[in-house]
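The next block holds one structure in the form of structure tokens; read it before the comments.
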Amino acid sequence: MNSQESISDQVSLAILRALAQAVTSGELPSGLVLPSEITLERPKNRDHGDYATSVALSLSKAAGLNPRAIAEVIRTYLMADPVINGSVSAVDIAGPGFLNISLARAGQGSIIASILKEADRYGHGNALAGVSVNLEFISANPTGPLHLGHTRWAAVGDALGRVLTAAGAKVTREFYINDRGNQMELFGASLRAAAMGVPVPEDGYHGEYINELAKSIIGSHPDYLHLSEVESLSAFRDAGYALQLADQQRVLQDFRTNFDIWFSERSLYDNDFFKHCLDRLRSQGHVFEEGGATWLRTTDFGDDKDRVMIKSDGSFAYFASDSAYYISKRERGFDICIYMLGADHHGYVNRLKAIAACAGDDPSYNIDVLIGQLVKILENGEELKLSKRAGTIITLEELVEKVGVDAARYTLIRYPVDTPMVMDVDVLRSRTNENPVYYVQYAHARICAVLRNATDLGIAYGIDEIHPELLEHERERELIGALAEFPRVLAGAAELREPHRVARYAEELAGIYHRFYADCRVLPLGDEKATQLHSARATLCNATARVIANSLALLGVSAPEKM
RNA sequence: GCGCCUGUAGCUCAGUCGGAUAGAGCACUCGCCUUCUAAGCGAGUUGUCGCAGGUUCGAUUCCUGCCAGGCGCGCCA
């Protein structure tokens, strides 16, 4: 990290050094417990500098000193610090004891230089280096098309994978196929009934897609109708499964969401793997028998009731799969298992965490469960109701047909997953500020146009044309400040598992760029002579395009060069 | 009954290791294209941050209680 240490990191380390020096010199009490790190914040008000910290305020009580006095001591050592000497232009004390730090032009220039140098890796970090993450999302039954609820996870899960990767983690995306149990049997029975032209079972699967699937199966396997009932049920089930799974895979690929592993629930029971899991849990002392069933004592770890794994009739409860699946993930070498579940599954959080604890793991580290709220969709001002019965479910594919992959992905990602959201199809089709994906993409396309023109005019730009001393306009300062924020935003998004932060940042950056563009002419006007300022501004544009493109890449959204 | 999530501008929502006058888009009014993409920019108006306490130098943010809405609590999957 040393070579890529950002200005803000350098400053916060310098503040730590200043505090240590102050303690050594006796200006701060010797017993004072110093913070392990200093987090700088970006003041909303530009008069408060580029960075600010309130350490002096928080140390005041323990030190028994006036916060402004502490700030004064820090300021003195900070100004003398050789490392940041050239990049910081001023350290001011404001209000009750805030330290406001302003960057020198040279410091701003180094930000642009590192963006151009690191290119598509700018902003990436190593907070999760060496950590192996299993990211499981969607995990739909292979008994029908992916619908709107799955779509949110497809977009957010994929973006989270990109964000975690950018933070240095080794990420494996996994789709858990619920291919065993009653639902599969009902699916087979529904297909068979449809194929035979008899009523589908009451609790079976309905909808036009069932008829189409049935038709397609008979088309390639007319003999299925003449098998015995038992044989034909499983034949229809397996054929339907294969078709539906292939369909889900195709739709997801078109949605730019790719999985490394498609994990079959059935496979958990192959080769006595489940027995092995049970033995492992038993050896940890959390398995017991009662009423003819085999249980996991999840109440040892905060669950509100114990869970049955093997029912008294000898069949496996769904929880058996959950337990074995978790153990499988850990035995395959994953340090952190992330689960993305719908709000209707939030009751599972405790029991999943309890599985980890029962297996002897640390539930606060090895397992991370994210709960997402539901999505509603609006068209022509009316909510499209989702009903499988009525056959009016909105599929992922239909949504993409309506608004396109970029708009669908972007909109689903830009909200925190724990808030319910409404997608308005009409807005997503619009080309205005209401539609943030265009706002961001437009900024990128606009910059590309400017750079094309710069090249035509023979204006040089790039790492040798930064000229930070010429960038003194307030808009330029703002823009550089925003570019410098990207690594922190990305790190936060990874740590909190919140990719929406990247989208919000991209919107803010795009807005700052548009304002810069309105106020700062980049290229020479008419027959005006080209100067270094033109090159410097074009270079700033170049760096901005880079950061916007990097942000969009993390969301799986395209960064067009022309619109 | 127990548990989880949510409650911020007229609308849709940002804002988490507590910070300096609480933000954006939409909507409404008015400006800005004979020169870099107007899918853009600028100006104006809008708030008991659900309510009540507590911790703190300082709370939209943390804690407790309450109110309102959504969801979940099977030897179903």
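Chain letters run A, B, ... following the sequence lines, proteins first and then strands; every chain starts at 1.
- Phosphate proximity of rC13(B) to R504(A): absent, as no side-chain N or O sits under 4.0 Å from OP1 or OP2.
- Not a single donor-acceptor pair, N or O on each side, falls under 3.5 Å between the base of rC57(B) and the side chain of S60(A).
- At the heavy-atom level, A445(A) lies under 4.0 Å from base atoms of the strands shown.
- Counting any heavy atom pair closer than 4.0 Å across all strands shown, G97(A) reaches no nucleic acid atom.
- At a threshold of 4.5 Å between non-hydrogen side-chain atoms, the residues E265(A) and Y325(A) do not count as touching.
- At the phosphate of rG70(B), neither OP1 nor OP2 sits under 4.0 Å from any side-chain N or O atom of K376(A).
- Under 4.0 angstrom from either OP1 or OP2 of rC75(B) there lies no side-chain N or O belonging to K305(A).
- For T143(A) and Q183(A), the side-chain atoms include no donor-acceptor pair closer than 3.5 Å.
- Here the side chain of N453(A) is nearest to one of rC36(B), rG42(B), rG15(B), namely rC36(B).
- Distance check on atom C1': rG72(B) versus rU29(B) gives 48 Å, rounded to whole Å.
- For H514(A), the listed nucleotide lying nearest its side chain is rC41(B); candidates were rC41(B), rC73(B), rA77(B).
- Side-chain proximity of M563(A) to the nucleotides rG72(B), rA39(B), rA14(B) is greatest for rA39(B).
- Against the 90° criterion about 0, the sugar-base torsion of rC5(B) places it in the anti range.
- Ring-to-base geometry places Y517(A) in a stacked arrangement with rC36(B) (centre distance under 5.5 Å, plane angle under 30°).
- Using a 4.0 Å heavy-atom criterion, one finds that D344(A) contacts the sugar-phosphate atoms exclusively.
- Among the nucleotides rC76(B), rU6(B), rG15(B), the one closest to any side-chain atom of N182(A) is rC76(B).
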